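Presented below is the structure to which this report refers.
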Amino acid sequence: MNDAMRDTVVYYLTAGTLELADRARALCEEVHGKTVLLRALIEFSNTCALNCHYCGIRAGNHAFERYRLEPTELLAAALGAYAAGLRSFVLQSAEDPWYTTARLAAVVASIKSSCPEAALTLSCGVKTRAEYRELKAAGADRYLLRFETSDPELHRRLRDGIGLGTRLKALEDLKAEGYQVGSGFMVGLPGETEKTGIDNALLCAELGLDMVGIGPFIPHPATPLAGSPQVGLEKTLRMTSLLRLLMPKVHLPATTAAGSLDPQGREKMILAGANVLMPNMTPVPARKNYLLYPGKICLDEAGEKCLGCLRIRMLGVGRELSYARGDSLMEGAGNVA
Ligand code: 5AD
Ligand code: FES
């Protein structure tokens, strides 16, 4: 941690939430203006081989329907987002073995050939460096993989025995393959402390991420963490501001989890320093089965309706929506090592 980072952390620890938000928002406006970048989120498979204790679609939960969009359906969803004017797509899935790298690369290539100027982000878990290379060659531009918590002991416990190092290695591989890389963490996991939160934010800064996604942990009733305490949104808002102050250029979404915990959660995250929104463009019938946590919003609103809703919500906090690709502002982003 350098001196500037230390000063920022000290400020974070002493400032009130609104003061912190004011400073982070001012910095955000200076760097990113008053626009909010849109990323179309397509959740294309909830079939998962893993058993993370916090996650509602873990392999051990049999109380809901599994789905997988076929490659043609996934292409159609991306074309729908494209037709709505969006130029940044995030294809997210659980760790689904059916979607081999060859299958995924073929879909990526087909989407890129239909929408060449759109930026394509994948969020499909840990793969080998060679697989990341293959997906990059097929046309993927960016990759999202949250480290979830930087506490190694807590990570291993909540991720059913998988170590933090696995995700950190994957993040390193992604960077070396020339991706714009996003990571992040949940706020308020059972067993974390104030120090864990600060370490999480510092790790994001040290990793030199292009994008950071955070949101409140929301206990899911069909997981081992059912009944864990729900931490209020304020902690997420404070973390948003800390991240913005540590990483002025980073792309920081106001996440659905925040909007699910508090009806104004995304607006509050924007006012605390976030600059991105990820409207859900998953085909409506599938959405109700991608419940990582309960109470998830936007389950019934088709693309256009959701965009209209976001436009009005953002007007309310003095922001305009941007349909641009929104590439990384970090120096050297996307350079191959
Ligand atoms: N509450 C909030 N966020 C969750 N995620 C997974 N489970 C939950 C939960 N119960 C987050 C993880 C994951 C992202 C896609 O969703 O951080 O990386
Ligand atoms: Fe999706 Fe309001 S943001 S319906």
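Here the structure is a predicted model, which is why all the values come from computation and not from measurement. Atoms within a ligand are numbered from 1 in the order they appear, just like the ligands themselves.
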Salt bridge check: are Glu131 and Lys136 linked by an N-O gap of less than 4.0 Å? no
Any ion pair linking Glu172 and Arg167 (charged N to carboxylate O, less than 4.0 Å)? no
Can you label the angle between the Tyr132 ring and the Tyr143 ring as parallel, tilted or perpendicular, going by 30° and 60°? perpendicular
Taking the six-membered ring for Trp, are the ring centroids of Phe44 and Tyr67 within less than 6.0 Å of each other? no
Taking a cutoff of less than 4.0 Å between a non-hydrogen atom of the residue and any ligand atom, is [X] in contact with ligand 1?
X: Cys55; answer: yes
X: Glu148; answer: yes
X: Pro216; answer: yes

To check your reading of the model: name the closest protein heavy atom to atom 3 (S) of ligand 2, its residue, and the distance in Å. Arg266 NH1, 3.1 Å
To which protein heavy atom is atom 4 (C) of ligand 1 closest, and what is the distance rounded to 0.1 Å? Met186 SD, 3.4 Å
Of all the atoms in ligand 2, which lie at a distance below 4.0 Å from a heavy atom belonging to Arg313? 2 (Fe)
Quick check: does Cys306 have an N/O/S atom under 2.8 Å of atom 1 (Fe) of ligand 2? yes
Will you find, in the side chains of Asp151 and Thr196, an N or O donor that is under 3.5 Å from an N or O acceptor? no
Location of contacts on Lys305 toward ligand 2, heavy atoms closer than 4.0 Å: neither
